[in-house]
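The next block holds one structure in the form of structure tokens; read it before the comments.
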Amino acid sequence: MSQAKNAETQPFRITFWGTRGTRTVSGDSYSNYGNDTICVEVQCGERHLIFDFGSGLNRLGQSMIQREIRNVDMFLSHAHYDHVEGIPFFPPFFQSDFIARFWSGRLKGIERTRDIVDGLMREPYFPIRQEKFLAKIIYQDISDYQSLSLGDKITVATTRLHHPGGATGYRVDFNGKSFAFITDTTHSPGHVDSELVLFLDNVDLFAYDCSYLDEEFPKFANFGHSTWQEAFRLGKASGAKSMLGFHHMPFRSDADLDNIARLLKSECENCAIAKDGMTIDL
């Protein structure tokens, strides 16, 4: 079998286990797009990468146990609660044969990546320390704008985002395709982020923080989030092939998100709103 044939059989699959921002939601008004906070799984061949560890991490962990996945790379954008709340409840962390490489970029008040989990899991905020985990967790610090070669022809590039306390964006390149994970970042109205445009250059798919509408943005300009209209502008400027909006705010019902999806689709045929359980094959 030729190398090209082998490459074609290697899946590059993105699964959204959580797409909400700020906090989880419940009720009939949220049944279509989902309840969980940000968590995305990226499968590159036989390798599995996780981006952010919101409440969706619990369901992902249960799925990984069922699929007998024992080795992952975990990438954190930043340590606000809605992006780390799933860590203490990730079932594979309580299995002795599980290995996780846990990556994070520079954050305000954090010296080492390990300090994120130590700070999250301590009294009086949480009853047990991470020493109760049975898995082997290897903590890795990421420098600004670092490019990581994970092996198996997987490259993860990083960029700094505009969010209180700091945040990191990621781009995964594998098998001739690419996916970028850009959440919790803001923008300056009227000025497209040239650095982010370069980072997203010709990306096949990027997920972007679509917390607000342009008309709402002035009320939330200092909150560190962006809009679906800015996502469209970034995609157009960068030559991105497709985009998914996520980090849905708690006040966005299914009806609200349906309306945003319609508006977005009218501007961009290959753009949509992400929902929990959505899977995309590149």
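Reckoned from all heavy atoms, side chains included, excluding hydrogens, waters and symmetry mates. All residue numbers in this chain count up from 1 along the given sequence. In this text the structure is predicted, and so the values were computed from the model without any measurement.
- No side-chain heavy atom of M121 sits less than 4.5 Å from a side-chain heavy atom of K132.
- With no hydrogens or angles considered, a side-chain donor-acceptor pair links H247 and S211 at under 3.5 Å.
- Every residue meeting the ring pair (Phe, Tyr, Trp, His ring centres under 6.0 Å) condition with F181, not counting sequence neighbours, appears here in chain and number order: F51, F246.
- By the 4.0 Å N-to-carboxylate-O rule, E131 lies close enough to R114 to be salt-bridged with it.
- Taking the six-membered ring for Trp and thresholds of 30 and 60 degrees, F94 and F133 have ring planes more than 60 degrees apart, a perpendicular arrangement.
- Taking the six-membered ring where tryptophan is involved, the planes of Y212 and F251 are essentially parallel, since the angle between them stays under 30° and well short of 60°.
- The list of side chain to side chain donor-acceptor pair (under 3.5 Å) pairs with a residue in residues 87-97, not counting sequence neighbours, reads R70-D97.
- Here the two rings, on Y81 and Y125, have centers that are 6.0 Å apart or farther.
- Looking at D52, its side chain does come within 3.5 Å of a backbone N or O of S77 through a donor-acceptor pair.
- Taking L120 as the reference, V84, I87, P88 meet the side-chain contact (heavy atoms from CB on, under 4.5 Å) condition, with sequence neighbours excluded.
- Note: F75 and W103 have parallel aromatic rings, judged against thresholds of 30 and 60 degrees for the angle between ring planes.
- Between the side chain of D276 and the backbone N or O of D36 there is at least one donor-acceptor pair closer than 3.5 Å.
- In terms of the side chain to side chain donor-acceptor pair (under 3.5 Å) criterion, R129 has no residue partners (sequence neighbours excluded).
- S238 is linked by a side-chain contact (heavy atoms from CB on, under 4.5 Å) to V197, L200, A240, counting only residues two or more places apart in sequence or in another chain.
- Under a 4.5 Å side-chain heavy-atom cut-off, the cluster of Ile, Leu, Val, Met, Phe, Trp and Tyr residues that includes Y145 has no other member.
- Checked for salt-bridge contact, R20 and E85 miss the test: no charged N lies under 4.0 Å from a carboxylate O.
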